[in-house]
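Ligands are counted one by one from 1 in listed order, and the atoms in each one are counted from 1 as well. Positions are given from 1, in the same order as the sequence printed here.
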Amino acid sequence: MTEQTPVTEEKSVKVPALPDAQTVTEVKHYTDRLFSFRCTRPASLRFRSGEFVMIGLMGDPDPKTGKQKPLLRAYSIASPAWDEEMEFYSIKVQDGPLTSKLQHIKPGDEIILRPKPVGTLVHDALLPGKRIWFFATGTGFAPFASLLREPQTYEDYDEVIITHTCREVGELTYGRDLIESIRNDAMLAELMGEDFHKKIRYYPTTTREESPKMGRITDLIRSGEVFEDLGIEPLNPETDRAMICGNLAFNLELKELFEEAGLEEGANSKPAQYVVEKAFLD
Ligand SMILES: Cc1cc2nc3c(=O)[nH]c(=O)nc-3n(C[C@H](O)[C@H](O)[C@H](O)COP(=O)(O)OP(=O)(O)OC[C@H]3O[C@@H](n4cnc5c(N)ncnc54)[C@H](O)[C@@H]3O)c2cc1C
Ligand SMILES: NC(=O)c1ccc[n+]([C@@H]2O[C@H](COP(=O)([O-])OP(=O)(O)OC[C@H]3O[C@@H](n4cnc5c(N)ncnc54)[C@H](OP(=O)(O)O)[C@@H]3O)[C@@H](O)[C@H]2O)c1
């Protein structure tokens with residue numbers, strides 16, 4: 001009997017089926033196109049809030065060889081650097097090679113997570129300022145979900161303005177819920193003072209479904225409406241810093257507006273007044 005004990009114990013140890021495997025711990029669906037999930041964090045993974053990593057699943061077996069290759073895509077880490085777990089906020093593209101499968105993950109499943117974080121949406125790439133703007137469309141909210149939970153954001157700035165433009169109201173849910181949870185987060189309040197959340201100004205807008213604030217943020221900047229609504233001065237290179245994450249056309253339009261206002265683009269190697277990253281490739 002005693003000889004059999006080690007065999008039983010060995011069987012109960014879970015062997016990862018994937019390279020760089022992490023285990024899914026929670027999945028939440030928001031719309032038929034959006035979901036978020038949490039997974040375990042590799043013990044050695046260090047990253048700066050706002051960075052992205054490559055994640056994925058094994059692809060289908062090659063019809064000739066039967067071999068499977070990892071199918072990986074860039075994903076912003078939506079959780080902050082101090083979190084014990086990792087969080088991601090994802091699109092579901094019905095015929096997308098990765099997300100047509102990824103949307104079906106459940107707690108206990110494994111995903112691949114390559115532990116090499118990179119990215120430009122980091123505090124190190126910005127010069128000191130008074131007010132930070134986070135400009136997002138769609139899943140471009142993900143890096144800001146990380147930075148909104150990063151204590152340095154509130155240490156470095158007096159005001160934190162997050163704008164999120166989506167087509168429909170339901171697409172704002174993840175961001176809205178997250179900001180609500182930050183406002184009630186006892187741990188962040190203990191770390192940064194009870195009033196830290198008063199620095200957050202949340203400015204959600206929709207473009208294709210009725211909501212309290214309609215329109216593309218780019219148009220609301222051009223017309224001056226966003227500054228009027230928030231009761232603040234227009235963009236000023238002395239005081240304002242910005243991070244942008246959306247589709248390519250959105251990023252380019254905002255870059256043009258910032259350059260017109262006298263802000264310069266920064267990078268890890270050369271901090272300046274604003275930084276940009278694509279939320280997806282096209
Ligand atoms: C730096 C970077 C960070 C990224 N971070 C995220 C993230 O945090 N969350 C996320 O969902 N995606 C993110 N993406 C996009 C992601 O890499 C994949 O494109 C996405 O997961 C879809 O993969 P797929 O294989 O299903 O389809 P793909 O073949 O990759 O894409 C198919 C088409 O779907 C559309 N699409 C792809 N991604 C999105 C999106 N996020 N929102 C709207 N339309 C999209 C595009 O039109 C694209 O051509 C990021 C991309 C980059 C470059
Ligand atoms: N969201 C959906 O319901 C839906 C459904 C089916 C398929 N898709 C496809 O999925 C892809 C991504 O859709 P998405 O809605 O996630 O992302 P998206 O097309 O990037 O739109 C997200 C938000 O950004 C706004 N926006 C787009 N370009 C902009 C610019 N240059 N300046 C300022 N704001 C801008 C959009 O406004 P506008 O509405 O004014 O463009 C929308 O409110 C698209 O190819 C789309 O055809 C989307």
Which bit of [X] gets closer than 4.0 Å to ligand 1, counting heavy atoms only: side chain, backbone, both or neither?
X	result
Tyr75	both
Pro97	both
Tyr89	backbone

Legend entry - atom 31 (O) of ligand 1 protein-contacted (non-hydrogen atom, under 4.0 angstrom):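 So far as the 4.0 Å threshold goes, atom 31 (O) of ligand 1 is out of reach of every protein heavy atom.
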Legend entry - atom 19 (O) of ligand 2 touched by protein heavy atom at under 4.0 Å: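 Given the 4.0 Å limit, the answer for atom 19 (O) of ligand 2 is yes, a protein heavy atom qualifies.
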Write out the residue and atom name of the closest protein heavy atom to [atom], then the distance separating them to 0.1 Å.
atom	result
atom 38 (N) of ligand 1	Phe280 CB, 3.3 Å
atom 23 (C) of ligand 2	Thr165 O, 3.5 Å
atom 17 (O) of ligand 1	Ala74 O, 2.7 Å
atom 33 (C) of ligand 1	Val93 CG1, 4.4 Å
atom 44 (C) of ligand 2	Arg167 NH2, 3.7 Å
atom 19 (O) of ligand 1	Arg73 CD, 4.1 Å
atom 53 (C) of ligand 1	Leu281 CD2, 3.9 Å

Legend entry - Qualifying residue for side chain to side chain donor-acceptor pair (under 3.5 Å) with Arg131, from Asp240, Thr239, Asn236, Asp158: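 Testing Arg131 for a side chain to side chain donor-acceptor pair (under 3.5 Å) against Asp240, Thr239, Asn236, Asp158 leaves exactly one candidate, Asp240.
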Inset, instruction - Verify the neighbour count for atom CD of Glu256: are there more than 12 heavy atoms of other residues, nucleotides or ligands below 6.0 Å? - result: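 No, the 6.0 Å shell around CD holds no more than 12 heavy atoms from other groups.
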State, yes or no, whether a side-chain contact exists between [X] and [Y] at a heavy-atom distance under 4.5 Å.
X	Y	result
Ile161	Ile232	yes
Gln94	Lys92	yes
Phe134	Thr153	yes

Inset, instruction - Could you see which bit of Glu253 sits under 4.0 Å from ligand 2, with heavy atoms only: side chain, backbone, both or neither? - result: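 Looking at Glu253 and ligand 2, just side chain atoms fall under 4.0 Å.
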Taking 4.0 angstrom as the limit and counting only heavy atoms of [X], give me the atoms of ligand 1 inside it, by number and element.
X	result
Ala142	8 (O)
Lys278	1 (C), 2 (C), 3 (C), 52 (C)
Leu98	24 (P), 25 (O), 26 (O)

Taking [X] for the side chain and [Y] for the main chain, is one N or O donor matched with an acceptor at less than 3.5 Å?
X	Y	answer
Glu150	Gln152	yes
Arg149	Ala78	yes
Ser49	Ala81	yes

Using a strict 4.0 Å threshold on nitrogen-to-oxygen distance, state whether [X] and [Y] make a salt bridge.
X	Y	value
Asp83	Arg38	yes
Asp62	Lys67	no
Asp219	Arg216	no

Legend entry - Parallel, tilted or perpendicular: rings of Phe141 and His164 (30°, 60°):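 Judged by the thresholds at 30° and 60°, the geometry between His164 and Phe141 is tilted.
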Inset, instruction - Specify whether Trp133 and Phe227 have parallel, tilted or perpendicular ring planes, treating 30° as the upper limit for parallel and 60° as the lower limit for perpendicular. - result: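 It falls in the perpendicular class, over 60°.
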Against heavy atoms of [X], which atoms of ligand 2 measure under 4.0 Å?
X	result
Glu171	1 (N), 2 (C), 3 (O)
Cys166	42 (C), 43 (O)
Thr207	36 (C), 37 (O), 38 (P), 39 (O), 40 (O), 42 (C), 43 (O)
Glu168	3 (O)
Ala249	31 (N)
Thr218	32 (N), 33 (C)

Inset, instruction - Indicate whether the side chain of Thr25 and that of Glu85 have a donor and an acceptor atom separated by less than 3.5 Å. - result: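 Yes, side-chain donor-acceptor contact under 3.5 Å.
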Inset, instruction - May I ask you to check whether Phe258 and Phe135 place their ring centers less than 6.0 Å from one another? - result: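 Yes, close enough.
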Legend entry - Within-shell test, Ala279 vs ligand 1, heavy atom, strictly < 4.0 Å: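 True for this residue.
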Inset, instruction - Name the option, out of Gly56, Ala78, Ser76, that contains the heavy atom nearest to atom 5 (N) of ligand 1. - result: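 Nearest heavy atom to atom 5 (N) of ligand 1 lies in Ser76.
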Inset, instruction - Ignoring hydrogens, just give me the one of Val93, Leu257, Leu254, Thr137 whose non-hydrogen atom is nearest atom 22 (C) of ligand 2. - result: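 Among Val93, Leu257, Leu254, Thr137, the closest heavy atom to atom 22 (C) of ligand 2 comes from Thr137.
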Legend entry - Nitrogen or oxygen of Thr99 less than 3.5 angstrom from that of ligand 1: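 Yes, since at least one N or O of Thr99 sits under 3.5 Å from an N or O of ligand 1.
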